[in-house]
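Just below is one structure, and these are the notes that go with it.
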Amino acid sequence: MSVVIRAVGSALPARAVPNDDLPASLETSDEWIKSRTGIAQRYIAANDETTSTLAINAARSALDNAGLNPEDIDGVIVATTTPDLTFPAVATMVQHELGVPRGTLAFDLQAVCAGFIYALGVADGLLQARRMRRALVIGAETMTRLLNWEDRTTCVLFGDGAGAVVLEIEEGLDALSGPAPRGIIDLQMNADGSLIDILHTKGGPSRTQDVGHLHMAGKEVFRHAVEKMSSAVLTLLDAHGFTPEDVKWYVPHQANQRILAAVAARIGAPPERFISTVAAHANTSAASIPLALHELERSGGLRRGDLMVMAGLGGGLAWGATLLRW
Ligand code: UT7
């Protein structure tokens, strides 16, 4: 038995905002943003576009691509740091609006930019334990709602969006052996709470009764992102006797093009195998990996059985990686 990604989908807000359209009061420039981050534009959700509407649209797109109906799903997990409401979970809104059968499990999981990796890990465990057979695993965010639009060191970096996969058990398959190996091989989920202060919001329901704004010590986060994503990837590859060259596609969290280049250099992988959507989407936190995966899938380059690594790091710090055969 193997846990496989059957299909992927995504959704973006209607409005794309290029760097040049950011408020002039920020005293930033297209040149600074592009050269320091690779970001050319970000999508910003309108008032009637929320994390749940993006999640629902991404889930519909994944179901369509899978050729499945909502009744075929028996679990919904949404990775998000920006839920519509403090409670209930966005996942329950997705279940209801999509028409996933009542009574199926549905919950949110918060691991910020590592959220999708954690959600895949938790879903993989529940599928392996046969608590469900087929799940929607979604990363959905409206990070722009957490930004201080007077802080140019953070507000230029983030965007909104959602990506979703249909994850299911496939009987008679193995991820590592057999004629057509396929599925999740292994994963890592890590956190170091001593680093809370370098990336956090100064607010939340229990302390301030509001959501707070995002604060980041950019250079420190950059250094940890390169070190920790690289070591998570190498640990996974080593554990299964693979080298970085064996990996056909790297689908990393999309925070900064320079981070992607630095991870590729550090692990010794060809940089062109790193999928990058930083320019078009900016940093969409838990949504960035499934959004990038959907771009890769639509590019037509992905083949069944391709060895793939996903990796992400964010506030906590929380980070992780997933090794799979497509
Ligand atoms: O998703 C979670 C994970 N997040 C990340 O991985 C983000 C990690 N960090 C980064 O991507 C980068 O550190 C940043 C993009 C946030 C910043 O790039 P940097 O090369 O580390 O720049 P810096 O913070 O050292 O700033 C360099 C200069 C500063 O001016 P001074 O002090 O040298 O005069 C900043 O004030 O650039 C200035 N600056 C800006 N200038 C124009 C900072 N933000 C801007 C801006 N426009 N938007």
Side-chain angles (χ1 to χ4, degrees), residues 17-42 79-82 110-118 139-161 163 190-193 195-201 213-233 250-264 266 274 276-279 281-292 310-321:
V17 178
N19 293 338
D20 279 335
D21 289 3
L22 291 168
S25 56
L26 282 176
E27 295 185 356
T28 187
S29 66
D30 182 51
E31 197 281 326
W32 191 95
I33 300 170
K34 275 191 186 142
S35 63
R36 295 293 178 129
T37 70
I39 295 166
Q41 63 167 32
R42 75 284 299 132
T80 188
T81 306
T82 47
Q110 199 258 73
V112 209
C113 301
F116 187 74
I117 298 289
Y118 269 69
E141 302 275 20
T142 43
M143 290 302 280
T144 63
R145 309 278 216 257
L146 292 181
L147 299 174
N148 171 1
W149 283 99
E150 289 171 6
D151 175 12
R152 68 176 184 172
T153 70
T154 53
C155 75
V156 305
L157 304 174
F158 293 88
D160 304 328
N190 313 96
D192 180 353
L195 296 166
I196 284 169
D197 287 346
I198 67 172
L199 180 50
H200 61 173
T201 59
H213 285 144
L214 183 148
H215 292 260
M216 175 165 68
K219 270 199 193 314
E220 275 188 79
V221 176
F222 190 111
R223 182 171 57 78
H224 284 291
V226 175
E227 275 174 24
K228 291 180 164 49
M229 286 203 287
S230 301
S231 71
V233 170
Y250 290 87
V251 187
H253 171 52
Q254 308 283 319
N256 187 323
Q257 186 58 42
R258 287 161 50 221
I259 294 178
L260 307 193
V263 172
R266 195 176 172 112
F274 276 63
S276 176
T277 56
V278 180
H281 300 158
N283 183 345
T284 58
S285 183
S288 90
I289 292 174
L291 273 165
M310 303 178 196
L313 172 138
L317 296 179
W319 69 97

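Just so you know, ligand 1 is whichever comes first in the structure, and atom 1 is the first atom listed for that ligand.
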Answer whether the closest heavy-atom distance between the side chains of [X] and [Y] falls below 4.5 Å.
X    : Y    : result
L147 : L157 : no
W319 : D192 : yes
M216 : T153 : no
S288 : H281 : no
T201 : T81  : no
Y250 : V263 : no
Q254 : L291 : no
I39  : V156 : no

Which of the numbered atoms in ligand 1 are under 4.0 angstrom from any heavy atom belonging to [X]?
X    : value
T153 : 43 (C), 44 (N)
N256 : 10 (C), 11 (O), 12 (C), 15 (C)
L313 : 2 (C), 3 (C)
R258 : 18 (O), 20 (O)
L199 : 2 (C)
T37  : 15 (C)
C113 : 1 (O), 2 (C)
M216 : 4 (N), 7 (C)

When you measure from [atom] to the protein, is at least one non-hydrogen atom found at a distance under 4.0 Å?
atom                    : value
atom 45 (C) of ligand 1 : yes
atom 48 (N) of ligand 1 : yes
atom 20 (O) of ligand 1 : yes
atom 37 (O) of ligand 1 : yes
atom 9 (N) of ligand 1  : yes

Report yes if [X] has an N/O atom closer than 3.5 Å to an N/O atom of ligand 1; otherwise report no.
X    : value
S29  : no
N283 : yes
G218 : yes

* **Flag for H215-D197: side-chain donor and acceptor within less than 3.5 Å** =>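 Distance-only check fails for D197 and H215.
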
Only residue of N19, D160, T144, T284 satisfying side-chain hydrogen bond (donor to acceptor under 3.5 Å, both in side chains) with R42 is N19

Ranking R36, E27, Q254 by closest non-hydrogen atom to atom 22 (O) of ligand 1, top hit is R36

Is it the side chain (CB and beyond), the backbone, both or neither of [X] that lies under 4.0 Å from ligand 1, heavy atoms counted?
X    : value
V156 : side chain
F222 : both
L157 : side chain
L26  : neither

Donor-acceptor pair, side chain of N283 and main chain of N256, under 3.5 angstrom =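 No: the side chain of N283 does not pair with the backbone of N256.
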
Among non-hydrogen protein atoms, atom 30 (O) of ligand 1 lies closest to R152 NH2, 4.6 Å

re atom 26 (O) of ligand 1, the protein heavy-atom contact at minimum distance is W32 CZ2, 4.2 Å

**Asked** Would V112 count as a contact of ligand 1 if the rule is a heavy atom under 4.0 Å away?
**Response**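 Contact absent.
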
Proximity flag V221 to ligand 1, non-hydrogen atoms under 4.0 Å
yes

- Does any pair with a residue in residues 140-159 pass salt bridge (charged side-chain N to carboxylate O under 4.0 Å, His left out), and if so which ones, sequence neighbours excluded?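 Salt bridge (charged side-chain N to carboxylate O under 4.0 Å, His left out) check on residues 140-159 returns no pairs.
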
Could you measure the distance from the CZ atom of F222 to the CD1 atom of I198? Nearest 0.5 Å is fine.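 Going from the CZ atom of F222 to the CD1 atom of I198 covers 13.0 Å.
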
*Could you check R266 against E227 for side chain to side chain contact (heavy atoms under 4.5 Å, CB included), going step by step and ending with a plain yes or no?*
CA-CA 8 Å; R266 195 176 172 112; E227 275 174 24; 3.6 Å; yes

Sorted by chain and residue number, the ring-ring contact (aromatic ring centres under 6.0 Å, His included) partners of Y118 (sequence neighbours excluded) come out as none

